[in-house]
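Atom set for the values below is all heavy atoms of this structure, side chains included, hydrogens, waters and symmetry mates excluded.
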Amino acid sequence: MRTVTKRELHQQTAAVLDQVTDTEDVVVTERATPRWRISRVRDSDTGLARFEREGRYTPPAAEPAPWPTRPGGPTYTQAEADAMLDEMRGDH
């Protein structure tokens with residue numbers, strides 16, 4: 001995200017507005033504090049599209065990863081599982 005000062009916006013308005021794109025906003029600062037955001041107007045801009053542009057949402061992949069053929073992780077014997085359950089219950 002590009003940042004410009006209020007003075008730069010005032011003195012070079014056209015150049016700053018040229019930097020605004022569909023995917024990149026420009027933040028205007030005043031005394032080193034971000035105060036305003038300049039972005040393009042999008043007629044069909046939905047909330048989800050705005051979140052995606054801001055990096056707050058990632059759409060699902062077109063080709064999702066395949067399901068595993070068997071669950072991963074450690075395997076335990078019956079005795080090990082019973083011991084863990086007893087420990088969790090406090091019956092040790």
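- Qualifying side-chain hydrogen bond (donor to acceptor under 3.5 Å, both in side chains) partners for Glu8, counting only residues two or more places apart in sequence or in other chains: Arg2.
- Nearest heavy atom pair, residue Asp25 against residue Ser39, reads OD1-CB, 3.1 Å.
- A 4.5 Å side-chain heavy-atom check between Ile38 and Leu9 finds at least one atom pair inside the cut-off.
- Glu80 places a side-chain N or O within donor-acceptor distance of the main-chain N or O of Thr77, the cut-off being under 3.5 Å.
- Nearest approach of Thr29 to Thr3, heavy atoms of both residues: CG2-CG2, 3.4 Å.
- Considering CD of Glu30 and CH2 of Trp36, their distance stands at 4.0 Å, rounded to 0.5 Å.
- A distance of 9.5 Å separates NE2 of His10 from NZ of Lys6, quoted to the nearest 0.5 Å.
- In this structure, CD on Glu52 lies 11.0 Å from OG1 on Thr23, to the nearest 0.5 angstrom.
- Contact record, Val27 with Met1: CG2-SD, 3.1 Å, taken as the closest heavy-atom pair.
- Within a 6.0 Å radius of CZ in Arg40, more than 12 heavy atoms belonging to other residues, nucleotides or ligands are found.
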